[in-house]
Structure formats: C-alpha cells, structure tokens
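Heads up: the structure comes next, in structure tokens.
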Amino acid sequence: MYVAGQVPNDATGDIVGDDAHTQTLQCFANLDTILGCYGFDRSDIQRLVIYVVGEQNNLTTAWQAVTDTFSSAVPPATLLGVARLGYPTQLVEVDATVVKESA
C-alpha cells in the first residue's frame, strides 16, 4: 500500500500544533488510523518520506518525533526540507510504503 500526504490534521480538518514535533506525531497518528483500516500496523512500514518546512531546527525536531514514534526500529526513511506544503501553517507531511510480510 502506498500512503501519500499524511498531514497534521485532526478529525475536524484543523492543523494540529505549531511546531514540527507535534505535527509529525499527528501525521503518524493519522497514518496509524489508515494502517488499521486496512489490517496493517507500523511494523509493516517499509519506507518513509518526511517533508518538513523551515530551517534545520524543524528537520531535527521532526526527526526526533520519528525516532520517538519508532524507538530503535525506524524503517528506511528520507527526511526532506521543503519550501512549503499545502496548508499555510503546515510544517510536516509524511508518505509511507507499506508491505505486509506473508507468513
């Protein structure tokens, strides 16, 4: 499964947080919801791309949220600094490639 564009929106569509760490955690919470709907979980994530707006500090803060989320088992990931994303106050967006290992 290819999951694109996980943004830091809450259930009402509002952007959550005004910092990269909080927004990254919300992106992963939204990703968890989608994974659960299709019978996947975080252990099935094979690749991540994390897009982050702003200075180096935002990238560092977003990456800390990634490592907080996955502990020592972060899947292969690319962290990219970008000029802007779709919503005016959006700092983070996450794409994932998800594969369920066959038994």
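Please read these numbers as outputs of a predicted model, since none were measured by experiment.
- The shortest side-chain heavy-atom distance between Leu80 and Val49 falls under the 4.5 Å cut-off.
- The structure places CD of Gln6 at 8.5 Å from CG of Leu35, a figure rounded to the nearest 0.5 Å.
- When side chains are defined from C-beta on, Met1 counts as touching Ile34, because their heavy atoms get closer than 4.5 Å.
- Partners of Asp18 by side-chain contact (heavy atoms from CB on, under 4.5 Å), not counting sequence neighbours: none found.
- Shortest non-hydrogen contact noted between Pro8 and Cys27 is N-SG, 3.6 Å.
- Applying the salt bridge (charged side-chain N to carboxylate O under 4.0 Å, His left out) criterion to Asp32, with sequence neighbours excluded, gives Arg42.
- Counting all heavy atoms, side chain and backbone alike, Gly17 lies closest to Thr22 at CA-CG2, 3.8 Å.
- Between the side chain of Asn30 and the main chain of Asn9, a donor-acceptor pair closer than 3.5 Å is present.
- Members clustered with Val7: Ile15, Tyr87, by chain and number, using a 4.5 Å side-chain heavy-atom cutoff among hydrophobic residues.
- Partners of Asp44 under the salt bridge (charged side-chain N to carboxylate O under 4.0 Å, His left out) rule, at least two apart in sequence or in another chain, are Lys100.
- The number of heavy-atom neighbours closer than 6.0 Å to CD of Gln46, taken from other residues, nucleotides and ligands shown, is above 12.
- Put simply, OG1 on Thr60 and NE2 on His21 are 12.0 Å apart, with the number rounded to the nearest 0.5 Å.
- When all heavy atoms of Val16 and Gln23 are compared, the closest pair comes out as O-CG, 3.0 Å.
- Partners of Ile50 according to the side-chain contact (heavy atoms from CB on, under 4.5 Å) rule, which considers only residues two or more places apart in sequence or in another chain, are Leu48, Val52, Trp63, Val66, Ala77, Leu79, Val92, Val94.
- In this structure, Leu59 and Gly81 approach most closely via the heavy-atom pair CD2-N, 3.9 Å.
- For Thr67, the side-chain hydrogen bond (donor to acceptor under 3.5 Å, both in side chains) criterion is met by Gln64, not counting sequence neighbours.
- Cluster partners of Leu25, using a side-chain heavy-atom cutoff of under 4.5 Å among ILVMFWY residues and allowing indirect links: none.
- The heavy-atom pair separating Ile45 from Pro75 by the smallest distance is O-CB, 3.5 Å.
- For Thr78, there are no side-chain hydrogen bond (donor to acceptor under 3.5 Å, both in side chains) partners two or more places apart in sequence or in a different chain.
- Shortest non-hydrogen contact noted between Val53 and Gln90 is CG2-O, 3.8 Å.
- Take Tyr38 and apply the ring-ring contact (aromatic ring centres under 6.0 Å, His included) test, not counting sequence neighbours, and it matches no residue.
- Take Asp95 and apply the side-chain hydrogen bond (donor to acceptor under 3.5 Å, both in side chains) test, not counting sequence neighbours, and it matches Tyr51.
- Among residues two or more places apart in sequence or in another chain, the side-chain contact (heavy atoms from CB on, under 4.5 Å) test is passed with Ser71 by none.
- Pairs engaging residues 82-93 under the salt bridge (Lys or Arg N to Asp or Glu O under 4.0 Å) rule: none recorded [sequence neighbours left out].
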